[in-house]
Amino acid sequence: MGKENFVEQIADIEKDFPQWYTDVVIKTKLVDYGPVKGTMVIRPYGYAVWENIQSELNARFKECGYENAYFPLLIPMSFFTKEAEHVEGFAPEVAVVTHAGGEELSEPLAIRPTSETIIGNMYSKWLQSYRELPIKINQWANVMRWEKTTRPFLRTSEFLWHEGHSAFATAEEAEAETMKMLDVYKEFAENVLAIPVICGRKTEKEKFAGAVATYGMEAMMKDGKSLQSGTTHFLGQNFAKAFDIKFLDKDGAQKYAHTMSFGVSTRLIGALIMAHGDGRGLVLPPPVAPVQAVIIPIAAKKGGVVEACKAVKEKLEKAGVRVKFDDTDSSPGWKFNEWEMKGVPLRIELGPRDIEEGKALICRRDTLEKTAYPLDGLDKTVKQLLEVVRKDMLETARKRRDGRIVYAEDLDGILNGVESGNFVKAGWCGCRACEDEVKAKTAATARVFAEGETSKKCAVCGKKAEHTVIFARAY
RNA sequence: UGAGGCGUAGCGCAGUUGGUAGCGCGUAUGGUUCGGGACCAUAAGGUCGUGGGUUCAAAUCCCGUCGCCUCAACCA
C-alpha cells in the first residue's frame with residue numbers, strides 16, 4: 001500500500017476537523033459505536049486513557065479529603081421535582097424506567113443524569129451534628145442524558161464521569177471548596193493532560209440547573225472552539241432545603257448545610273484529542289498515554305535485534321515506563337505510522353546499525369524529532385524525555401491558545417473573532433437579552449467571566465459593562 | 001427536532017435504458033523482505049441496512065422504516 005492510501009485513512013485536520021475527529025477516535029480504536037443510538041463502547045485503548053485519568057484524579061481528590069463511594073443508578077422521579085430549577089433543567093434529557101419485573105412501576109425511576117438528588121437524600125439521613133461536617137464524597141459512575149445528537153466522548157447518551165459532592169456548615173466553606181476544586185481541575189488539566197485551561201464563573205444562562213453559581217474550565221480545541229472540560233457548582237442551600245440536609249449546630253440551632261458538587265467526564269478524552277492531535281492522528285500527553293514508549297525493531301530477523309529490544313523493554317519497565325515492544329510482522333514503516341496515529345509519545349527504533357553503535361533512535365511524537373541516544377542509561381533518557389514532552393506539549397498548547405485570544409468592542413468584533421477561530425473577550429452589561437443576542441448573531445456563547453478584567457461598555461447594547469466575558473463557539 | 005449527506009465483503013468505494021455483484025486495502029497460508037504504511041503466489045469473505053410494492057426479473061424504480069455522519073438548537 002502506498003503513502004496515498006494512508007493519507008486517506010483520516011480526514012485532513014485542516015479541511016474537515018469534525019471528520020478528522022471521528023476518523024481518529026474510531027481508527028485508533030479508542031471507541032466504537034454501540035448498537036443503541038448515542039452510546040459508545042470505550043475500547044481497551046480508550047479505557048486505558050480513562051484509567052490513567054482516574055488514578056491521577058483519585059490521588060488529588062483523596063488529598064483533598066474525599067472518599068469514594070457508590071450511589072444507585074436509579075432515582076425516584078419524585079426526587080427531581082424537589083428542586084424547581086433542577087427538574088426544569090434536566091427533565092428533557094432524563095431516561096425513565098417505567099417497567100420492571102414484567103409490571104408497570106408504581107413510581108417511575110429516573111436513570112441518573114447526575115446525583116445531587118439521591119446524594120442529597122442520603123446526606124439528609126446521615127447528617128445530624130456539625131461535628132460530622134464537612135462530608136466529602138466522590139463517586140465514579142456512569143450517567144445518562146438523552147441527548148438529541150451525539151459524538152463519541154463529546155456528547156453521548158451514557159458517559160462515565162466522577163462527581164464529587166460535599167456539604168459544609170457555612171456558605172463560605174462551601175464556596176471556598178468550589179474554588180479549590182476548580183483549582184485542582186486546572187492543575188490536573190495543565191500538568192497531566194497538558195491542556196491550558198481558562199477557569200471562571202459561568203453566566204446565569206450557562207450555570208448548572210439548581211446551582212447558586214457554576215464555575216467552568218474551558219479548553220481551546222485546535223479548531224478554535226471551546227470545550228467545557230469540567231465544572232464546579234456552589235449549590236448554596238438549594239439542595240439542602242429541597243432534601244432537608246440539616247444539622248444541629250454549636251449554638252443548638254437546626255441549620256441547613258451548604259453544598260457543592262463538581263465533575264469531569266470522559267469528555268476529557270475528547271479534549272485531549274482535539275487539543276493536541278495533528279494530521280497524523282493522536283498526540284497523547286505522557287502521563288495518560290496507555291503506551292508511553294513503543295519499541296520498533298528494524299530487520300528483526302537479523303541476529304540480536306529482538307534480544308536487544310527485549311532488553312530495552314525490560315529496562316524501561318523496571319524504570320516504571322509503560323512500554324510496548326511491537327514484534328508483529330508488519331514493516332517498520334507501517335508501525336511508525338500506526339503508533340504515530342495512536343499518539344504514543346516516544347518511539348524507539350532499534351536495528352542492527354544502532355546495536356552496533358550502542359545507540360537507539362528515539363522519535364518524539366509531539367515534534368517528530370529523531371535523535372540517537374546511547375543504549376546505556378536509556379531508561380533515564382526516556383523518563384527525562386517523557387517529562388520534556390509533557391512540558392513542551394503544555395507550552396505549545398498555551399502559546400497556540402494565547403495567540404488566539406482577541407478583544408472585541410462590538411458584535412461584529414465578536415463575530416469576526418470567533419469566525420477566525422478565536423476566543424473573544426468582550427464587555428457585557430449582564431442582561432440576558434444581550435447574551436442571547438451574541439449567540440443569535442455569532443453562534444458564540446459566554447464561556448466564563450474573565451477574572452480581574454473590566455471592559456467599559458457592553459459589546460451588544462453599549463451600556464456600562466458589568467463583566468468581561470470570554471465568548472467562543474463551543475462543543 | 002430543523003437542514004444536508006450516506007447505508008453494497010472487516011474498511012474505503014464502483015456498480016441507472018432493471019438481467020442475478022466487482023475493485024483497492026485488510027484478513028488467512030507459504031515464501032522473499034524490513035531505517036517512513038514492501039513484494040509474489042494462493043485462498044476465504046456479500047440474504048446489497050430493513051419491511052413492503054411494481055416487474056418474468058430489483059443493489060438499481062416507488063412507498064415506509066431503522067441507523068450513521070455533518071451543521072443548527074440542548075448539555076459534561
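In what follows, every chain begins at residue 1, and chains take the letters A, B, ... in the order their sequences are listed. Every heavy atom of this structure was used, including side-chain atoms; hydrogens, water molecules and symmetry mates were not.
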Atom pair distance, as rounded to whole Å: OH in A:Tyr475 and P in B:C75: 18 Å

Distance test, side-chain N/O of A:Lys439 to OP1/OP2 of B:C74, below 4.0 Å: yes

Short side-chain N/O contact from A:Arg151 to OP1 or OP2 of B:U70, under 4.0 Å: yes

Most 5' of A:Glu158 and A:Pro352 on RNA chain B, judged by nearest nucleotide: A:Pro352

Side-chain ion pair, A:Glu340 and A:Arg280, N-O less than 4.0 Å: yes

Touch class at under 4.0 angstrom, heavy-atom based, for A:Gln228 against every strand present: sugar-phosphate

Atom-pair distance (CD on A:Glu369; P on B:G35), nearest Å: 22 Å

Proximity of A:Phe90 and A:Phe208 rings by center, below 6.0 Å: yes

Presence of A:Ser229 side-chain N/O under 4.0 Å of B:A76 phosphate oxygens OP1/OP2: no

Touch class at under 4.0 angstrom, heavy-atom based, for A:Gln19 against every strand present: sugar-phosphate

A:Trp161 aromatic ring stacked with six-membered ring of B:A76, 5.5 Å and 30°: no

Opposite nucleotide pairing with B:A14, Watson-Crick or G-U, both atom distances under 3.5 Å: none

Nucleotide B:G35, atom P - distance to CD1 of A:Ile295 in whole Å: 18 Å

Atom C1', compared across B:C11 and B:G19: separation rounded to whole Å: 30 Å

Strand partner of B:U32, provided both Watson-Crick or wobble distances fall under 3.5 Å: B:A38

A:Ser331 vs B:A38: side-chain N/O to OP1/OP2 distance below 4.0 Å: yes

Value in whole Å for how far the C1' atom of B:U27 lies from CG of A:Asp329: 13 Å

B:A9 and B:U60, which share atom name P, separated by this distance in whole Å: 15 Å

C1' spacing across the pair B:C62 / B:G18, given as an integer number of angstrom: 13 Å

Other residues, nucleotides, ligands: >12 heavy atoms within 6.0 Å of A:Lys82 NZ: yes

Sugar-phosphate only, base, or nothing, as touched by A:Leu361 at under 4.0 Å among non-hydrogen atoms: base

Plane angle bin for A:Trp428 and A:Phe449 - parallel if under 30°, tilted between 30 and 60°, otherwise perpendicular: parallel

Sugar-phosphate only, base, or nothing, as touched by A:Lys335 at under 4.0 Å among non-hydrogen atoms: nothing

